[in-house]
Amino acid sequence: MTAKDALTERYQDLLSVYLKAKTETTLYKGQQFSRKLLEQQISPEDLVSLHIQVMDELFPDMSEEMRDSFDFLLEAMIGYGFAYREHQSLRDKQQQLESEIEVAASMQQTLLLSDVPEFDQLDIGVVSVPAKKMNGDYYNFVKSGNSLSVAVADIIGKGIPAALCMSMIKYAMDSLPEEQMKPHLLLENLNRVVEQNVHSNMFITMFHGVYEPENHKFYYAGAGHEPGFFYHAKEDEFQDLIAKGLVLGVSRTTTYHPYEKMIEVGDMVILLSDGVTECRTSKGFIEREEVVALIRKYMDLPSQKIVENVFQELDRLQGFELRDDFTLIILKRLV
């Protein structure tokens, strides 16, 4: 007996039992049978054809009108079957693409991973969470001698192209070690790399800073990046940490201005991406003052606990659905 003959016989048995008993149990068996048909890739029109064949055997005296109605149903199901197979094909391709994106996201996470270094003078906290599988935010720490550099960047663009672009930035930064401790010069070098290698519709914002423990100064520069915050412990006051500069990739000849701040014990440097300040709730975008209020709420905790609690609160305000990549970094001077 062929597989088709076995299917026909099984379907005939099920239909015969149902027509006699008409119980929920027999209907459920029909549902189970349909799963087997899907597993064997039996098309909808093949199922209708099978039903017509079984009905012919069960009711040989069926009226012409009933036979004609089955012919009409079969023709209708042929078109449905084509659409169904196309849907299955698209679904398979989507599953394959999602699998490839998962692999790419895992590779990106590995490539862009930046360990938070141990630094005696600073308490460091970091949270970086992608809104989707691929992260358009990037942060990086480099400890060189007694100095610590920190960078945070954001791609103006989404998806795999943005993720690939961010990977390029990471390796471009790694190739410029002599510039690592001069934020404005590093941005100028990166700007030339981006202008030469990145599509004209994709730009990168970045903030780069260096903490020098010998004089307790924080040197920094910015390329169109979201302003952070600076907390003065003595005055118990938050200020915007502004570093003006054109986004990377617009003009090859762009230069960046160097800035510096004295860091006292208890002061905090707070860096972020626009996914923090552009948090959208049911009432609209939150204000920067609300972010400051959250940081102040937890500022007596270690830096890592501060950023984690702020993220959890903002995530909750958005209904646990991030609409943009979220990166928040806090550097707090300890001694």
Side-chain angles (χ1 to χ4, degrees), residues 122-131 135-139 150-156 158 183 187 203-209 211 218-248 256-257 259-264 266-333:
L122 297 176
D123 178 26
I124 304 171
V126 181
V127 165
S128 187
V129 181
N135 200 341
D137 285 358
Y138 167 65
Y139 71 90
V150 56
V152 57
D154 188 3
I155 292 284
I156 303 175
K158 301 298 178 187
L187 291 181
F203 304 103
I204 299 169
T205 72
M206 178 176 280
F207 180 100
H208 187 264
Y211 175 69
F218 185 66
Y219 301 91
Y220 60 99
H225 196 75
E226 180 74 18
F229 301 103
F230 182 74
Y231 174 70
H232 289 275
K234 286 184 179 179
E235 289 82 7
D236 189 25
E237 178 183 74
F238 282 86
Q239 296 178 352
D240 288 341
L241 187 65
I242 297 174
K244 295 181 180 180
L246 195 62
V247 297
L248 301 177
Y256 295 91
H257 182 74
Y259 297 84
E260 63 180 65
K261 272 192 178 295
M262 179 66 70
I263 310 295
E264 305 289 349
D267 289 352
M268 292 191 296
V269 173
I270 300 146
L271 310 179
L272 42 82
S273 65
D274 58 12
V276 179
T277 54
E278 294 183 5
C279 170
R280 281 171 283 186
T281 70
S282 58
K283 299 178 181 179
F285 289 107
I286 67 168
E287 302 293 334
R288 287 174 62 87
E289 291 76 12
E290 294 179 73
V291 178
V292 168
L294 285 175
I295 295 172
R296 184 178 287 279
K297 178 180 177 180
Y298 298 108
M299 63 189 300
D300 292 333
L301 300 175
S303 293
Q304 187 60 37
K305 290 296 183 181
I306 298 174
V307 295
E308 289 174 358
N309 283 322
V310 171
F311 168 72
Q312 290 168 6
E313 291 228 21
L314 292 179
D315 192 29
R316 179 181 57 79
L317 287 174
Q318 296 182 93
F320 303 100
E321 183 179 355
L322 289 181
R323 294 170 176 81
D324 198 1
D325 303 320
F326 183 107
T327 299
L328 179 61
I329 299 172
I330 289 181
L331 311 176
K332 182 193 297 185
R333 182 181 163 190

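One-based numbering along the sequence shown.
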Does some side-chain heavy atom of Asp325 sit less than 4.5 Å from a side-chain heavy atom of Pro130?
yes
Can you tell me if Glu290 uses its side chain to pair, donor with acceptor, with the backbone of Glu287 under 3.5 Å?
yes
Go through it in stages, so that I can follow the logic: the residues are Glu226 and Val276, the test is side chain to side chain contact (heavy atoms under 4.5 Å, CB included), and I'd like the CA-CA distance, side-chain angles, deciding distance and then a yes or no.
CA-CA 9 Å; Glu226 180 74 18; Val276 179; over 6 Å; no
Between atom CD of Glu308 and atom CD of Gln312, what is the distance when rounded to the nearest 0.5 Å?
6.5 Å
Measuring from atom CG of Asp274 to atom OG1 of Thr327, what distance do you get when rounded to the nearest 0.5 angstrom?
9.5 Å
Would you say the side chain of Gln239 lies within less than 4.5 Å of the side chain of His232, judging by non-hydrogen atoms?
yes
With Phe229, which residues qualify under ring pair (Phe, Tyr, Trp, His ring centres under 6.0 Å), at least two apart?
none
Leu328, Val310, Asn309 screened by side-chain contact (heavy atoms from CB on, under 4.5 Å) with Leu294, the one that passes
Val310
About how many Å separate CD of Glu278 and CZ of Arg288, when rounded to the nearest 0.5 Å?
10.5 Å
Test item: Phe311 and Val129 side chains (from C-beta on) under 4.5 Å apart, heavy atoms:
yes
Qualifying residue, where the test is ring-ring contact (aromatic ring centres under 6.0 Å, His included) with Phe207 and the options are Tyr256, Tyr259, Tyr138, Tyr220
Tyr220
Which residues satisfy the salt bridge (charged side-chain N to carboxylate O under 4.0 Å, His left out) test with Asp300, sequence neighbours excluded?
none
So CZ of Phe326 and OG1 of Thr277: to nearest 0.5 Å the spacing works out to 9.5 Å
In terms of side-chain heavy atoms, does Ser128 have a donor or acceptor partner in Asp137 at a distance below 3.5 Å?
no
Main chain of Pro302, side chain of Asp123: is a donor-acceptor contact present, judged purely on distance under 3.5 Å?
no
To the nearest 0.5 Å, atom CG of Leu314 lies from atom CD1 of Ile286 at 4.5 Å
Could you tell me which non-hydrogen atom of Ala221 sits nearest to which non-hydrogen atom of Pro183, and how far apart they are?
N-CB, 3.8 Å
Checking side chain to side chain contact (heavy atoms under 4.5 Å, CB included) for the pair Phe203/Leu248: CA distance, chi angles, key distance, verdict?
CA-CA 6 Å; Phe203 304 103; Leu248 301 177; over 6 Å; no
When you compare the side chain of Ile270 with that of Leu241, does any pair of heavy atoms fall below 4.5 Å?
no
Can you find a pair of side-chain heavy atoms, one from Val307 and one from Ile329, that are under 4.5 Å apart?
no
Check this for me, if you would: do Asp267 and Lys261 make a salt bridge, where the nitrogen-to-carboxylate-oxygen distance has to be below 4.0 angstrom?
no
So, Ser273 versus Asp154: side-chain donor-acceptor pair below 3.5 Å or not?
no
For Phe238, does its backbone N or O pair with a side-chain atom of Arg296 as donor and acceptor, under 3.5 Å?
no
Begin with the C-alpha distance, continue with both residues' side-chain angles, and end with the deciding distance and a verdict on side chain to side chain contact (heavy atoms under 4.5 Å, CB included) for Leu272 and Val152.
CA-CA 7 Å; Leu272 42 82; Val152 57; over 6 Å; no
Pair Tyr231, Ile330 - check side chain to side chain contact (heavy atoms under 4.5 Å, CB included), show working.
CA-CA 10 Å; Tyr231 174 70; Ile330 289 181; over 6 Å; no
Would you check if Arg333 and Glu264 make a side-chain contact, meaning some heavy-atom pair closer than 4.5 Å?
yes
Looking at Ile204, is its backbone amide N or carbonyl O close enough to the side chain of His225 to form a donor-acceptor pair, meaning the two atoms are under 3.5 Å apart?
no
For Leu301 and Lys332 the tightest heavy-atom approach is O-NZ, 3.2 Å
